[in-house]
Every structure is written in structure tokens, then in C-alpha cells.
Visitor: 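Following this message is one structure expressed as C-alpha cells.
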Amino acid sequence: MSLILHNTSKGKKELFIPINEDSVTMYLCGPTVYNYAHIGNARPAVVFDVLYRLLKHHYPKVTYARNITDIDDKINKSALELGLNIKKYSQKYADIYNHDIEQLGVLPPDIEPYATDHIPQIIAMIKDLIEKGHAYAAEGHVLFSVESYKDYGKLSNRKLEDMIAGARVEVAPYKKYPADFVLWKPSDDSLPGWNSPWGRGRPGWHIECSAMCKEHLGDVIDIHCGGRDLVFPHHENEVAQSCCANDTQQFANYWVHNGMINMGNQKMSKSLGNILLINEITKQYKGEVIRWLLLSAQYRQSVDWSKNSIHKAQKTMDRIYATLRDNQSVQVEMNKELIPSSIIQALDDDLNTPIAFAEINKIAKQLANAETGSDKQLYKSQLLSTGQLLGLFLEDAEQWFIADNSDVDADKIEDLIAQRNQARADKDWAKSDEIRDELAAMNIVLEDSANGTRWSIKK
RNA sequence: GGCUGGAUGGUAGAGUGGCUAUACAGCGGUUUGCAAAACCGUGGACACCAGUUCGAAUCUGGUUCCAGCCUCCA
């Protein structure tokens, strides 16, 4: 097997060689849970779900950890304003996140660690860093000394001087060096806090991922994933903390980062206020359609979210599902050996999902044109086996077109269709068309075929 | 200012030193009581300027423009 991944720390594609072929490890920086999950949170979840599935295709055992950061000043602020318990507040949004991405066909990770469940490990790592001279306590804070780590800036390819010159680093009197970042900070009585050697306080951002990786996956992991916007400072700081605490040269051998989602010509981000929530779009579109759209560009490219692009994804999936529906009775064999090698090759080349999708379209076309039973069985089996790998085409093809939307009165619709079919049998075309119009007014589209009349909701 | 990416047909989006990507939309057709779906066929592109080459959209240099990170962010 020859999986190739773009490794951010090298700035190029590399052949993936795991530390231990019998047990591959990957970690994804999950969300900070203080609000409803948006499609920007969904992209890494979906993209790295594909990587997880591909790794499981190749290797006997993959351990995938995706964390929940449930201690953060934004959580504290919102919970405090609403007068809510912080744990309950963050749990609510963690549950929403998990529910939402499950709609998009994302498998649960093997481990889902929560930051607040790892405070002892965090404190232990900070103590270790202080003892090794990489961190220092000051005014209730503990800071990481970036000058103590010679490779600081290597992952994100930047120099300390340049960053200071940018003058955007937070200046604080307790910092020895402007770019030093916080490992631990003090909490007053209104804020959540834990007792520590430096007083009652809470962890800073970054350290939780280092502590949780170490706890669950080891000192050096195979693949660390996340959004591009996390390369600096989050991942750079994780590398510094972990390598210094664990005395290792590497923290993760492969750093893999997904591109952003754009709204119009701009990155979707909380600070710009142009975010689109997952639970808003799942009201309108099926999870697989959203998943298809998110995977229709290679993961490192930015994706433009628009009405047009989601509509295209919908139409494409409808066509493939229509082909599956036409072959509903064809028996299939589900087997990973049936996934065409062209698709595995595409995915092995840094998750080239657009090529995989082009291949899927070709198979669907072959299925639509298949004349013999054995051809139909072959192509349908290939299509659905590929779908198993990619988390697509898992729905029943008949059900796909009938939205389980409670707004529609299926009994009434089917009654009208029966009346119309009687009229058609009587060749009473005027009445038949009248009923079609009536249903059209209800936003119901009819399709007559040799096997009867189908209906679906107009999109 | 520093560092990353990017610029491909109406739209989205891969890829390649010479060989149809793919999808959605369009156009023509088959089929159909009507309609739809499906299928078949089809047109249409590689930001700009130089260079290397038998040949460049693909390699090299330059130009212009766009986006991201450098502050919380997926």
C-alpha cells in the first residue's frame, strides 16, 4: 500500500509510514464547545473521517482520538452570562456537535477525550515543563518559554523575530518574552478552576491537546489533523509542549491540515459573523448531500459554500440514487475487495476525493447502462462497496426520494396518485392532469414509469 | 512587512510535457397520453508576458490579481 499525505511540517507530500503497522494513531483537534456547530467544524470531521476509514481499510488497527475542548474563556463567558453551569453548558454543545456530524455520516472516534477530564495530566505536564526549564510561573500564570525550544516555529515555518515584528503578540507584564504563551492561568471565584501548585486556576489553550495525546495515544503519534487555521499558534505550541515534555524530536510524524470554507469570497469565521450552522442546513439537505459537497473538493483547497454548489451536490446524488433505485432488486455483495483500485489509488494520493467521485460517477453510469444481470450486480456491488468506504449511498434508494418530512401527508398524496392512475387507466387525461396540478401545488413531483408512479418533494 | 496556497470551460472541480477528467447547467436526440426521470450525442477552458522544448495549460523566470495564517477561529 502506498498512502501519500501532505505533511505540513515538510511542506510536501510524503509516503505514509506508521510507527507501528499494527497500531496506527491519529488525533484530530475537535471543537471548543460553546455554540452550535457550523459547517467549518464539519469539514475536518468529515475529511478526517475519510482518512480514518481509509487507514482502517489499510491497517488492522487504527486508534483515532478526537477531543472536545470544554474549558475555554468563551465557554466561561457565555455560561456566566446565562447563569449556567459550565459543565452542563459545554456538554450541551458537545452533544449537538456529535449529533450534527453523525448526520453527515461521520463515524465516532475510538476515543473522545474531554479537556476537563485531564486536569491532573495537564498539571503533571506543566510541572514537568517547569522542571525541565521550558516553562516558568509568574503571578499565578505559568508560561511556556518559546526561547527554550530551538525548533519553535518550525511547523508553521516562521521565525520568532518576524512574529515579534508583526507586533501582534499579546504583551503582558508577567511574560519574559513577548511570544511566550500561557499554560496555566489563575481563576477568580466566578470562573471554573482547579487547585494546582500555582494556585486555583485553569489550563490555557493548547496544553489540553498535548496532555490528551500523551495519555491516550503516546508520546509520538502518527498523524495529527486539524484546520489550516490551527497551524499557528495552536499546533506549533502543541509541538513545543509535547516535544519538550516528552523529550522527543517529533510530536506527530504527519501533520495534515484541511482548507477553510468560504462564504462568498471570504473565509467563514466566527469573528466575521458569516457562519452557517450544520443544524440549519440539515433541515434542508440530507447529510450525504452535505458530505458529498464537503468532499467534492480536495481537502486542502478551500471550498466555497453556495446555494449553487449544494444544489449541484443534490442533483448529482439524486441521479446516482435514481440509478440505484432502478436497480433496487439487484443483489449485491459488500466487500472491500470490490472497491475499484482506481478509487483506492485516488484516495491514497492525499485523499483525492474529486477523482474518487469521478470514478463513482463512471461506475454509476456503467450500472445505468448495464444490460446483463451479472454486470448490474458487479457495478452495483462496486458502487455500494465504495460507498461503505466513503460513508455514502447508505440510504435506501426508494426512501432517498421520499423525504421523511412531517409536513407532507403521504396518505393523502398516495390516495390522489391512486385516483390519478385510475383516470389514466380510463384515459381521462383531463382529470389526470388536474390531479397532477393539484399535487404540484403541494410541491409534489410525479414520475410515471413502467413500475408505477413515484412521487418526491420538489427541491 | 513575513510565511502559505491559489488563478482551468456558464458554474464547481481534478489532472497531465503530446492522449475525452468528472459533475451541474446548455444544446440536439431516444423514450413518453402529458410531464418528469433516465439514457445517447454535443459545444465550451487552462490569468498575463517572456523563456526552455519538435511540442507547454502542464517546466522555468517575471507580472497582475485573489485567499489564508502571523489575534480567537475548523
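What's counted below: heavy atoms across the whole structure, side chains too, no hydrogens, waters or symmetry copies. Sequence lines set the chain letters: A, B, ... in the order given, protein chains first and strands last, and positions in each chain run from 1.
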Visitor: Can you name the closest pair of heavy atoms from A/Lys87 and A/Thr116 and give their distance?
Guide: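 That closest heavy-atom pairing would be NZ-OG1, 3.2 Å.
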Visitor: So what does A/Gly227 hit on the nucleic acid, given a heavy-atom distance under 4.0 Å: a base, only sugar-phosphate, or nothing?
Guide: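 It contacts sugar-phosphate atoms only.
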Visitor: For A/Asp229 and B/rU4, give me the distance from atom CG to atom P, rounded to whole Å.
Guide: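 Taking atom P of B/rU4 as the reference, CG of A/Asp229 is at 18 Å.
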Visitor: Sticking with atom C1', work out how far B/rG9 lies from B/rA47, rounded to a whole angstrom.
Guide: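 Result for the C1' pair: 14 Å, nearest Å.
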Visitor: Checking ring-ring contact (aromatic ring centres under 6.0 Å, His included) between A/His257 and each of A/His235, A/His234, A/His6, which is the one that passes?
Guide: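 With A/His257 as partner, A/His235, A/His234, A/His6 yield a single ring-ring contact (aromatic ring centres under 6.0 Å, His included), made by A/His235.
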Visitor: Ring-plane angle category for A/Tyr93 and A/Tyr89, please: parallel below 30°, perpendicular beyond 60°, tilted otherwise.
Guide: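 If you compare the ring of A/Tyr93 with that of A/Tyr89, the planes turn out perpendicular.
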Visitor: Expressed in angstrom and rounded to an integer, what is the separation of A/Leu324 atom CG from B/rA38 atom P?
Guide: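 Value for this atom pair: 13 Å.
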Visitor: With rounding to whole Å, what would you report as the distance between B/rG29 and B/rC48 at their P atoms?
Guide: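 To the nearest whole Å, 36 Å.
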Visitor: Can you tell me, in whole Å, how much space there is between the P of B/rA21 and that of B/rA45?
Guide: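 My reading of the P atoms in B/rA21 and B/rA45 gives 11 Å.
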Visitor: Among B/rA23, B/rG13, B/rG33, which nucleotide has an atom closest to any side-chain atom of A/Ala297?
Guide: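 Selected nucleotide: B/rG13.
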Visitor: Taking CD from A/Glu161 and P from B/rC3, how many angstroms apart are they, rounded to a whole number?
Guide: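 It is 12 Å, rounded to the nearest whole Å.
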Visitor: Among B/rG33, B/rG13, B/rG2, which is the nearest nucleotide to the side chain of A/Arg158?
Guide: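 Nearest to the side-chain atoms of A/Arg158, counting from C-beta on, is B/rG2.
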Visitor: Regarding A/Leu446, tell me which of base, sugar-phosphate or nothing describes its non-hydrogen contacts under 4.0 Å with the strands shown.
Guide: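 Base contact.
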Visitor: Do any side-chain nitrogens or oxygens of A/Arg319 fall under 4.0 Å of OP1 or OP2 in B/rC24?
Guide: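 Yes.
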Visitor: Rounded to whole angstroms, how far apart are CD1 on A/Ile343 and P on B/rA14?
Guide: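 In whole Å, B/rA14 P lies 17 Å from A/Ile343 CD1.
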Visitor: I want to check one thing: is the phosphate of B/rA25, taken as OP1 and OP2, less than 4.0 Å away from some side-chain N or O of A/Lys315?
Guide: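 True: A/Lys315 side-chain N/O within range (under 4.0 Å) of B/rA25 OP1/OP2.
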Visitor: Tell me what A/Thr8 touches on the nucleic acid: a base, only sugar-phosphate, or nothing, going by heavy atoms under 4.0 Å.
Guide: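 A/Thr8: no heavy atom of the nucleic acid under 4.0 Å.
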Visitor: Strictly below 4.0 Å: does A/Asn369 bring a side-chain N or O up to OP1 or OP2 of B/rC40?
Guide: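 Yes, such a contact exists.
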Visitor: Could you work out the separation of B/rG5 and B/rC39 based on their C1' atoms and round it to a whole Å?
Guide: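 Here B/rG5 and B/rC39 have their C1' atoms 41 Å from each other.
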Visitor: On a whole-Å scale, what distance lies between the C1' atoms belonging to B/rU11 and B/rG43?
Guide: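 The answer is 16 Å between these two C1' atoms.
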Visitor: With the side chain of A/Ile355 defined as its heavy atoms from C-beta on, choose the nearest nucleotide among B/rU22, B/rG15, B/rA35.
Guide: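 The nucleotide sitting nearest to the side chain is B/rG15.
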Visitor: With the side chain of A/Trp429 defined as its heavy atoms from C-beta on, choose the nearest nucleotide among B/rG33, B/rU4, B/rA21.
Guide: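 Between B/rG33, B/rU4, B/rA21, the one nearest the side chain of A/Trp429 would be B/rG33.
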Visitor: Starting at the 5' end of RNA chain B, write a dot or bracket for each base, bracketing those in Watson-Crick or G-U wobble pairs whose two distances are under 3.5 Å and using | for partners on another strand.
Guide: (((((((..(((.....[...))).(((((.......)))))....(((((..]....))))))))))))....
Visitor: Would you kindly give the CZ-to-C1' distance between A/Arg66 and B/rA74, to the nearest whole Å?
Guide: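 Distance, rounded to whole Å: 12 Å.
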Visitor: In this structure, how many angstroms lie between the P atom of B/rA74 and the OH atom of A/Tyr27, rounded?
Guide: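 That distance rounds to 13 Å.
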Visitor: For the C1' atoms, the ones on B/rA57 and on B/rG17, what distance do you get once it is rounded to whole angstrom?
Guide: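 It works out to 11 Å between them.
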Visitor: Taking the six-membered ring for Trp, are A/Tyr27 and A/His224 parallel (under 30°), tilted (30 to 60°) or perpendicular (over 60°)?
Guide: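 It falls in the tilted class, 30° to 60°.
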Visitor: Just checking A/Arg424: base, sugar-phosphate only, or nothing, at a heavy-atom cut-off of under 4.0 Å?
Guide: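 The answer is base, as A/Arg424 lies within the cut-off (heavy atoms under 4.0 Å) of a base atom.
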Visitor: OP1 or OP2 of B/rU22 less than 4.0 angstrom from a side-chain nitrogen or oxygen of A/Lys312, does that happen here?
Guide: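 No, outside the criterion.
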Visitor: For the C1' atoms, the ones on B/rU22 and on B/rG15, what distance do you get once it is rounded to whole angstrom?
Guide: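 B/rU22 and B/rG15 have their C1' atoms separated by 11 Å.
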Visitor: Please identify each residue that fulfils side chain to side chain donor-acceptor pair (under 3.5 Å) with A/Thr353, with sequence neighbours left out.
Guide: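 Side chain to side chain donor-acceptor pair (under 3.5 Å) check on A/Thr353 returns nothing, list empty.
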Visitor: Quick one: list whatever passes side-chain contact (heavy atoms from CB on, under 4.5 Å) with A/Asp110, sequence neighbours left out.
Guide: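 A/Tyr52, A/Thr63, A/Tyr64.
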Visitor: What does A/His234 touch in the nucleic acid at a heavy-atom separation under 4.0 angstrom: a base, only the sugar-phosphate, or nothing?
Guide: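 Since no nucleic acid heavy atom lies under 4.0 Å of A/His234, the category is nothing.
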Visitor: Which nucleotide, B/rU4, B/rC39, B/rG15, lies nearest any side-chain atom of A/Asn352?
Guide: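 So the nucleotide nearest the side chain must be B/rG15.
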Visitor: Ring-plane angle category for A/His206 and A/Phe181, please: parallel below 30°, perpendicular beyond 60°, tilted otherwise.
Guide: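 Ring orientation, 0 to 90° scale: perpendicular.
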Visitor: Using a heavy-atom cut-off of under 4.0 Å over every strand shown, decide if A/Arg43 touches base, sugar-phosphate, or nothing.
Guide: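 No contact at all - A/Arg43 keeps every heavy atom at 4.0 Å or more from the nucleic acid.
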Visitor: Using atom CG of A/Asn237 as one end and atom C1' of B/rC69 as the other, report the distance to the nearest whole Å.
Guide: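 One finds 14 Å between C1' of B/rC69 and CG of A/Asn237, rounded.
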Visitor: With C1' as the reference atom in both, quote the distance from B/rG1 to B/rG55 in angstrom, rounded to an integer.
Guide: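 Between the two C1' atoms, the distance is 42 Å.
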Visitor: Within the structure, does a side-chain N or O atom of A/Asn262 lie under 4.0 Å from either OP1 or OP2 of B/rA67?
Guide: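 No, outside the criterion.
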Visitor: Answer yes or no: does a side-chain N or O of A/Asn361 lie under 4.0 Å from OP1 or OP2 of B/rU22?
Guide: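 For A/Asn361, the contact criterion (side-chain N or O under 4.0 Å from OP1 or OP2 of B/rU22) is not met.
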Visitor: Counting side-chain heavy atoms from C-beta on, which of B/rG15, B/rC34, B/rA38 comes nearest to A/Arg436?
Guide: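 So the side chain of A/Arg436 is nearest to B/rC34.
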Visitor: Would you say A/Asn157 places a side-chain N or O within less than 4.0 Å of OP1 or OP2 belonging to B/rU4?
Guide: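 Yes, because at least one side-chain N or O of A/Asn157 sits under 4.0 Å from OP1 or OP2 of B/rU4.
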Visitor: Counting heavy atoms from C-beta on, name the nucleotide in B/rU22, B/rA74, B/rG6 closest to the side chain of A/Pro44.
Guide: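 The closest nucleotide is B/rA74.
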Visitor: Is A/Asn361 reaching over with its side chain to a backbone N or O of A/Phe357, donor-acceptor style, under 3.5 angstrom?
Guide: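 Checking the backbone N and O of A/Phe357 against the side chain of A/Asn361, a donor-acceptor pair under 3.5 Å is found.
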Visitor: Nearest-Å distance, NE2 (A/His6) to P (B/rG68)?
Guide: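 So the two atoms are 19 Å apart, to the nearest Å.
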Visitor: For residues A/Arg202 and A/Pro186, report the shortest heavy-atom separation together with the two atoms involved.
Guide: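 It is NH1-O, 2.8 Å.
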Visitor: Measuring from the side chain of A/Lys362 (C-beta onward, heavy atoms only), which nucleotide among B/rU22, B/rG33, B/rA35 has the closest atom?
Guide: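 For A/Lys362, the side-chain atoms sit closest to B/rU22.
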Visitor: Check the pair A/Asp180 / A/Lys176 against salt bridge (charged side-chain N to carboxylate O under 4.0 Å, His left out), numbers first and verdict last.
Guide: CA-CA 7 Å; A/Asp180 290 350; A/Lys176 283 185 187 166; over 6 Å; no
Visitor: Is the number of heavy atoms from other residues, nucleotides or ligands under 6.0 Å of A/Glu81 CD greater than 12?
Guide: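 Above 12, so yes.
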Visitor: With the side chain of A/Phe232 defined as its heavy atoms from C-beta on, choose the nearest nucleotide among B/rA14, B/rC70, B/rA35.
Guide: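 Of the candidates, B/rC70 comes closest.
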Visitor: Can you tell me which nucleotide in B/rA74, B/rA36, B/rA14 comes closest to the side chain of A/Glu447?
Guide: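 Comparing B/rA74, B/rA36, B/rA14 against the side chain of A/Glu447, the answer is B/rA36.
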